[in-house]
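Input: a single structure, listed below in structure tokens.
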Amino acid sequence: MAAVPDFHHVSVLLPQVVEGLAPRPGGRYLDGTLGGGGHAAAVLAASAPDGLLVGIDRDPAALAAAGARLAPFGDRAQLRRGTFDSMATLAADLAPYDGILLDIGVSSPQLDHAERGFSFSADGPVDMRMDPELPESAADLIARLDEDRLTTLIGQLGEEPRARRIARALKAGVPWTSTVALAETVAAASGYRNSRTHPATRTFQALRIAVNDELGQLERALDAAVGLLRPGGRLAIISFHSLEDGRVKRHFRRLAGQTGPRDAYGNPLTPPALRILTRKPLRGDTLDADNPRARSALLRVAERLPA
């Protein structure tokens, strides 16, 4: 595990997140994906002198780093270990909240530290677990699935059109102990030449999403977050690929009454619970262009309506 001082992460779309959440003194806020605490620190600063924030993360290294970063805010910052889809249990004691943030996906330190197994540019174990106590690593997952199921996983979660040939090569190479060797095998099997991104990018994404149940967590967390917001409270979600953003978009539209069953007059059968504040997502490649990790970031914000 990396030392706390090495857990450095540049928060993406930071001004846009703060503007979207609109922190105020005395407000209560929840960061369900705390990471290194960059967004949380900005929210606490903007809600001074007495705003409170609960920060949740599954990664003990992230919690340790965030704890050091947020120490100047004292007991205004409360850190709790767990997954963000468990927020209804982990953070119910301070509900309702004036703002909730979810920054989905892998953080910079997890990518940068080879021993975490997320990177194909530095060699490490084929791990990819955000929580090191999860029972199954990426290497275990590859070994457990047969070729057909691995093909489906890479095709659906990685949106990889050459999933079959990649899955066949991965099964032939079991057991996997090196991320670099895994990436080289994926590149060779895929047959991509002169790709703008590394040929293994989509396969690594698929394995990481599956190991950490990222999409399942997101679906559960979206419902939980809305239930924890007070009327007028804001929900801000940063996603990094179309699978995540599509789910956020559909969920927002459904809860805003834009989709779903309607009566004979065209009115939603269920009163809208949200008002969408971002007609289109705010894009990191244009609004946070100096931050390489923000290149694919998409921010959507919605506001809780009165019941």
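Computed from a prediction, not measured in an experiment: that's the story for all the values here.
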Measure the [atom1]-[atom2] distance between [X] and [Y] for me, rounded to the nearest 0.5 Å.
X	Y	atom1	atom2	value
Arg168	Asp148	CZ	CG	9.5 Å
Asp288	Arg293	CG	CZ	12.5 Å
Lys280	Lys249	NZ	NZ	9.5 Å
Leu52	Leu44	CG	CG	8.5 Å
Leu243	Leu157	CG	CG	6.5 Å
Arg262	Thr270	CZ	OG1	10.5 Å

Subject >> Gln78 atom CD, over 12 foreign heavy atoms within 6.0 Å >> reply: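 More than 12 heavy atoms, drawn from other residues, nucleotides or ligands, come within 6.0 Å of this atom.
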Subject >> Arg295, CZ: over 12 other non-hydrogen atoms inside 6.0 angstrom >> reply: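 No, the 6.0 Å shell around CZ holds no more than 12 heavy atoms from other groups.
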Where do [X] and [Y] come nearest, in terms of heavy atoms and distance?
X	Y	answer
Ser178	Ala181	OG-N, 3.0 Å
Val301	Gly20	CG1-O, 3.8 Å
Leu70	Gly37	CD2-O, 3.8 Å
Gln205	Gly158	NE2-CA, 3.9 Å
Ile56	Ala91	CD1-CB, 4.4 Å
Gln16	Leu287	NE2-CB, 3.9 Å

Cluster question for you: counting only ILVMFWY and a side-chain heavy-atom cut-off of under 4.5 Å, with indirect links fine, are [X] and [Y] together?
X	Y	result
Val17	Leu229	no
Leu141	Val186	yes
Phe84	Val43	no
Leu134	Leu90	no

Distance-only side-chain donor-acceptor flag, [X] / [Y], under 3.5 Å:
X	Y	value
Arg304	Tyr97	no
Ser86	Thr83	yes
Asp127	Ser137	no
Ser242	Asp245	no
Arg76	Ser47	yes

Verify, without hydrogens or angle tests, whether [X] (side chain) and [Y] (backbone) share a donor-acceptor contact under 3.5 angstrom.
X	Y	value
Thr33	Ile104	no
Lys171	Asp146	no
Thr179	Phe120	no
Arg300	Thr278	no
Asp123	Val180	yes
Glu244	Phe240	yes
Glu303	Ile276	no
Asn212	Met130	yes
His39	Val12	yes
Thr201	His198	yes

**OP:** List the steps, then state whether salt bridge (charged side-chain N to carboxylate O under 4.0 Å, His left out) holds for Arg28 with Asp50.
**Re:** CA-CA 9 Å; Arg28 294 186 177 186; Asp50 54 352; over 6 Å; no
**OP:** Determine, step by step, whether Asp57 and Arg80 satisfy the salt bridge (charged side-chain N to carboxylate O under 4.0 Å, His left out) criterion, reporting the C-alpha distance in whole Å, the side-chain angles of both residues, the deciding distance to 0.1 Å, and the verdict.
**Re:** CA-CA 7 Å; Asp57 207 286; Arg80 300 169 186 183; over 6 Å; no
Subject >> Working for salt bridge (charged side-chain N to carboxylate O under 4.0 Å, His left out), residues Asp285 and Arg283 >> reply: CA-CA 6 Å; Asp285 56 359; Arg283 302 182 62 90; 3.3 Å; yes
Original post:
Does the side chain of Phe73 come within less than 4.5 Å of Leu53's, by heavy atoms?
Top reply: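 No, side chains not in contact.
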Look at [X] together with [Y] and state whether they make a salt bridge at an N to O cut-off of under 4.0 Å.
X	Y	result
Glu136	Arg144	yes
Glu133	Arg81	yes
Asp223	Arg254	yes
Arg24	Asp98	yes

**OP:** Step by step, work out the salt bridge (charged side-chain N to carboxylate O under 4.0 Å, His left out) result for Arg202 and Glu159.
**Re:** CA-CA 7 Å; Arg202 288 189 288 266; Glu159 300 177 294; over 6 Å; no
